[in-house]
Amino acid sequence: MNTLRSRAVLPLVVAAFLLTACGADGGGESASGVADMPASAPSAAAEQAAPAPAAREADQQSGGGDAGSKAAPADANVTVAPVDRAIIYTAEMTVRAKDVAAAVESAKRMVGEAGGYVAEERSNSFSSRQESTITFKIPPGQYPGTLSRLGRELGETEQLHQGTQDVTGEVADVAARVKSAEAAVAQFRTLLTKAEKIGEIMDIEREIQSRTADLEALQARQKSLAEQTGMATVTITFVGPSAPPVKPVEEETGFLAGLKAGWTGLKNFAEALSTIVGALLPWLVVLTVLALLALPWWRRMRRRQPLPAPVPAAEAREEELVEKE
């Protein structure tokens, strides 16, 4: 009985031993498989373990870490302060309009709506055509839109020339020189109050006058720059339908251009010379008439003059001998 039981248990023990050995081998293979995993696995795990971007940004803003407290977020908005520039805007245009007077009034109305004004106006009326030239002053902020509107709504724009000049450096230089000149004048006036001798007082007064003249010139230049940069200048020439078209001026070069320039210079010289001769001719006629009237009187005066007495021959010989000796 016991032998039968032992025979029945023995296969079970062997089977259990084999299963245990196979489990150990599988465990070794799994461990080696974990060791042999690619590097992407740790990175994936690290990404899962790392906090979310929003959490990191909140941590940085709250000062949770040293690195977060020292470095700013990468997507922070940087505001660049605008640099003020002093720019002179000028424009010259020729507009062909059916009714010049109506176009002029419309232009004045448009510029007035933009905050500008009329600086100068010249109008010419002929039997065959009308022409009017107006100079407007327009705020720089309204300059592009107003210029476009003037050329589009008043008629056909035949010619347009725009100019832009940056005078920021000159404005700063003039302002600095004005301050320096004002300080110099103030110092000389202070010295004038302390001067006691007449010579010193006169010297200081002359210096004050010279420095004041320089200061006034600088202030005038500063005012001119302020006017030019504060308002854009637009000059419009309105012409009627019958006026000849405006042709663009082309610069000529080469032999023919030089020949033409030389011929033009020769004609200008001849015109200037003829003008001078024409201006002097009346004076030459008057002087010639006076000379003819004075000629007989001069001849009579010459006849009245006594003739020199003849020198005796003996005295002449003696003088010759003396000269020879």
Enquirer: Please report the closest heavy-atom contact between Ala86 and Asp166, naming both atoms and the distance.
Expert: O-OD1, 3.2 Å
Enquirer: Which residue pairs pass the salt bridge (Lys or Arg N to Asp or Glu O under 4.0 Å) test with at least one member in residues 181-197, sequence neighbours excluded?
Expert: none
Enquirer: For the residue pair Val178 and Gln222, what are the closest heavy atoms and their distance?
Expert: CG2-OE1, 3.8 Å
Enquirer: Under the side-chain contact (heavy atoms from CB on, under 4.5 Å) criterion, do Val167 and Thr229 qualify, and how do the steps go?
Expert: CA-CA 8 Å; Val167 293; Thr229 56; 3.6 Å; yes
Enquirer: Give the C-alpha distance, both sets of side-chain angles, the deciding distance and a yes or no for salt bridge (charged side-chain N to carboxylate O under 4.0 Å, His left out) between Arg96 and Glu156.
Expert: CA-CA 5 Å; Arg96 185 177 296 275; Glu156 181 182 357; 5.3 Å; no
Enquirer: Grab the two heavy atoms, one from Val100 and one from Gly240, that are nearest each other, plus how far apart they are.
Expert: CG2-N, 3.7 Å
Enquirer: Could you tell me which non-hydrogen atom of Leu154 sits nearest to which non-hydrogen atom of Ala107, and how far apart they are?
Expert: CD1-CB, 3.7 Å
Enquirer: When rounded to the nearest 0.5 angstrom, what is the spacing between CG in Leu280 and CG in Leu287?
Expert: 10.0 Å
Enquirer: Tell me the closest heavy-atom pair linking Ala181 and Leu218, and the distance in Å.
Expert: CB-CD1, 4.3 Å
Enquirer: May I ask you to test the Glu92-Val234 pair for a side-chain heavy-atom distance under 4.5 Å?
Expert: no
Enquirer: With sequence neighbours excluded, give me every ring pair (Phe, Tyr, Trp, His ring centres under 6.0 Å) pair touching residues 265-297.
Expert: none
Enquirer: What pairs with Thr135 under side-chain contact (heavy atoms from CB on, under 4.5 Å), at least two apart in sequence or on another chain?
Expert: Ala119, Glu120, Thr233, Thr235
Enquirer: Do the side chain of Ser224 and the main chain of Ala220 share a donor and acceptor less than 3.5 angstrom apart?
Expert: no
Enquirer: Do you know the tightest heavy-atom contact between Pro140 and Gly230?
Expert: CD-O, 3.0 Å
Enquirer: Check the pair Glu200, Leu192 against side-chain contact (heavy atoms from CB on, under 4.5 Å), reporting the backbone distance first and the verdict last.
Expert: CA-CA 8 Å; Glu200 294 179 354; Leu192 182 61; over 6 Å; no
Enquirer: Is the closest side-chain heavy-atom distance between Thr94 and Thr157 below 4.5 Å?
Expert: no
Enquirer: Under the side-chain contact (heavy atoms from CB on, under 4.5 Å) test, which residues partner Arg149, sequence neighbours left out?
Expert: Arg109, Met110, Glu113, Arg152, Glu153
Enquirer: Kindly write out the residues that satisfy side-chain hydrogen bond (donor to acceptor under 3.5 Å, both in side chains) with Ser123, not counting sequence neighbours, or none if the list is empty.
Expert: Ser132
Enquirer: Just so I know, are the side chains of Ile134 and Val104 near enough to count as touching, which here means a heavy-atom distance under 4.5 Å?
Expert: yes
Enquirer: Rounded to the nearest 0.5 Å, what separation is found between the CH2 atom of Trp298 and the CG atom of Leu293?
Expert: 16.0 Å
Enquirer: Do Val95 and Thr237 have side chains that approach each other closer than 4.5 Å (heavy atoms only, starting at C-beta)?
Expert: no
Enquirer: Measure from the side-chain N and O atoms of Ser180 to the backbone N and O of Ala176, and report whether any donor-acceptor pair falls under 3.5 Å.
Expert: no
Enquirer: Which residue pairs satisfy the salt bridge (Lys or Arg N to Asp or Glu O under 4.0 Å) criterion with at least one member in residues 220-234, sequence neighbours excluded?
Expert: Glu170-Arg221
Enquirer: Look up atom CG in Leu225 and atom OG1 in Thr168, then write down how far apart they are to the nearest 0.5 Å.
Expert: 10.5 Å
Enquirer: Test of understanding: with salt bridge (charged side-chain N to carboxylate O under 4.0 Å, His left out), list the residues that count as partners of Glu121, not counting sequence neighbours.
Expert: Lys108
Enquirer: Linking I/L/V/M/F/W/Y whenever any side-chain heavy atoms sit under 4.5 Å apart, do Val171 and Ile87 land together?
Expert: no
Enquirer: What residues, two or more places apart in sequence or in another chain, satisfy side-chain contact (heavy atoms from CB on, under 4.5 Å) together with Met231?
Expert: Tyr117, Lys137, Pro139
Enquirer: Holding to side-chain hydrogen bond (donor to acceptor under 3.5 Å, both in side chains), I want the full list of residues that pass it with Gln142, two or more places apart in sequence or in another chain.
Expert: none
Enquirer: Ring pair (Phe, Tyr, Trp, His ring centres under 6.0 Å): which pairs involve residues 140-193, sequence neighbours left out?
Expert: Tyr89-Tyr143
Enquirer: What's the separation between atom CG in Leu191 and atom OG1 in Thr193, rounded to the nearest 0.5 Å?
Expert: 7.5 Å
Enquirer: Does the side chain of Ile88 come within less than 4.5 Å of Thr90's, by heavy atoms?
Expert: yes
Enquirer: Judged by atom type as modelled, is there a donor-acceptor pair below 3.5 Å linking the side chain of Thr190 to the main-chain atoms of Ala186?
Expert: yes
Enquirer: Donor-acceptor pair, distance only, cut-off 3.5 Å: does the side chain of Ser148 make one with the backbone of Gly145?
Expert: no
Enquirer: Show me, pair by pair, the donor-acceptor contacts under 3.5 angstrom made by side chains of residues 201-217, not counting sequence neighbours?
Expert:
{"residue": "Asp203", "atom": "OD1", "partner": "Arg206", "partner atom": "NH2", "Å": "2.2"}
{"residue": "Glu207", "atom": "OE2", "partner": "Arg211", "partner atom": "NE", "Å": "3.2"}
{"residue": "Glu207", "atom": "OE2", "partner": "Arg211", "partner atom": "NH2", "Å": "3.4"}
{"residue": "Thr212", "atom": "OG1", "partner": "Ile208", "partner atom": "O", "Å": "2.6"}

Enquirer: Using only atom types and a distance under 3.5 Å, with no angle test, would you say the side chain of Asp173 pairs donor to acceptor with the backbone of Gly169?
Expert: no
Enquirer: Taking side-chain contact (heavy atoms from CB on, under 4.5 Å) as the test, write out the residues that go with Leu259, two or more places apart.
Expert: Phe255
